[in-house]
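Both ligands and their constituent atoms are indexed starting at 1 by order of listing.
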Amino acid sequence: MNTTNSSALFAKAQLLIPGGVNSPVRAFRSVGGTPIFMERATGAYLFDADGNKYIDYVGSWGPFILGHSHPVVIDALRLQLEKATSFGAPTELEVELAEMICNIMPSIEMVRMVNSGTEATMSAIRLARAYTKRSKIIKFEGCYHGHADSFLIKAGSGAMTLGVPDSPGITIGTATDTLNARYNDLESVRVLVEANLNEIAAIIIEPVGGNMGVVPAKQEFLTGLRELCTKEKIVLIFDEVMTGFRVALGGAQALYNIQPDLTTLGKIVGGGLPVGAYGGKKELMSMIAPSGPVYQAGTLSGNPLAMAAGIATLTLLQNENPYPRLEQRSEMLSKAFQENINRAGIKATLQRVGSMMCMFFTDREVWSFDDAITSDTKAYGKYFHVMLDSGIYLAPSQYEALFLSVAHSDEDLEKTITTHRKAIV
Ligand code: KE4
């Protein structure tokens, strides 16, 4: 592939933007090489600054379940664009999207729109702390909830020790309030709860891990978590920024039939524009300013353009119900990948929930972060570049997800499967 323009743009970008990117994972650091600068996209395809075409399985990290630039979404945006892009005042659009979210996810009785998943999760734990009058939170190693200080905390040396900052600039004070448990390991949660009785405000979890590769939660694990939180009066937060409207219209909470106390959303809910949201029971949400004392605000929260894209996207998902077909095509793709893996005789494990999947370069099943990190990231980097050079755009990291959209055609899947067969040997 000729990527001259991308290379020149990256050289200039690095002088002006930290690492040349506005979000670290885009820099290709974990796969090697330099990032491709994109120019336009439609359906399942990306076109870069050198005119190369790619079949896209990143979908802007999840929003584009309907494919890029869906005509109905673009029309909704065009219509809104003619009216206004922002008011900083309430609009009917916000009420409409709030009503759609509450209808689609019954655990959400009230919802607040924000501008990113990070804003959603940081607000949700502030609310949980205010509601319970407790300070500590439990998260899970390998789960990512955005870049708020309370989440960039890794486990201390022993299971019982408090967290330690996972980034400079985060205070020890913050770290002491974040505890890390092990995904799919209910006992690791019980140990922390018992050692911090009546001090845990919230447990926040990705109900399907999507940021350590794709790691499904076991049903009994989530059921046990729900029961534990109910018993100990801990706020259970499902971070469905990635899984919401992705693994099912109603998200992972519909798939697992578990009602969290709070849910955080992002990505698909904005149809590709900057949107996050958090919501849950009225009893909790009514504590949010101005109806209650918990402060949270945002200049562009509920922005009409973003609302228009979100409403159009959720309306299409409700009316067209693409999930059965997405399930069938995702199953076909992952089965074909597995056949390629078996034929090549390599160490790789495929994991999938709905239209999000991941191939780990390890022969272990991956149920937690310590399983995931047995993967050979060098092998993933090599695979990534063979696929990229053949016009298949995957996540530039072993620890992300591959997303299928309704726009991926049979030919796209065929090309992906044959390229995958070559790329893994
Ligand atoms: P944002 O602040 O990036 O909108 O959302 C943070 C977030 C919260 N919760 C979950 C489950 C998430 O997956 C994310 C963001 N996901 C990453 C991709 N794995 C965004 C990509 C990036 O950081 O550039």
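- For Thr230 and Glu227, the side-chain atoms include no donor-acceptor pair closer than 3.5 Å.
- For the residue pair Gln219 and Thr223, a side-chain donor N or O sits within less than 3.5 Å of a side-chain acceptor on the partner.
- Protein residues with a heavy atom closer than 4.0 Å to ligand 1 are Ser23, Val25, Trp61, Ser116, Gly117, Thr118, Tyr144, His145, Gly146, Glu206, Asn211, Asp239, Val241, Met242, Lys267, Glu400, listed by chain and number.
- In this structure, His420 and Phe337 have parallel ring planes: the angle between them is below the 30° cut-off, well short of the 60° mark.
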Which pairs would a plain distance check flag for residues 232-239, meaning a side-chain donor or acceptor within less than 3.5 Å of a matching protein atom at least two apart in sequence or in another chain?
from	atom 1	to	atom 2	distance (Å)
Asp239	OD1	Val241	N	3.1
Asp239	OD1	Thr264	OG1	3.0
Asp239	OD2	His145	ND1	2.7

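- Under the 30°/60° scheme for interplanar angles, the aromatic rings of His68 and Phe64 are found to be tilted.
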Item to complete: Given ring pair (Phe, Tyr, Trp, His ring centres under 6.0 Å), test Phe10 with Phe28 step by step and report yes or no.
Response: CA-CA 11 Å; Phe10 187 52; Phe28 279 26; 8.6 Å; no
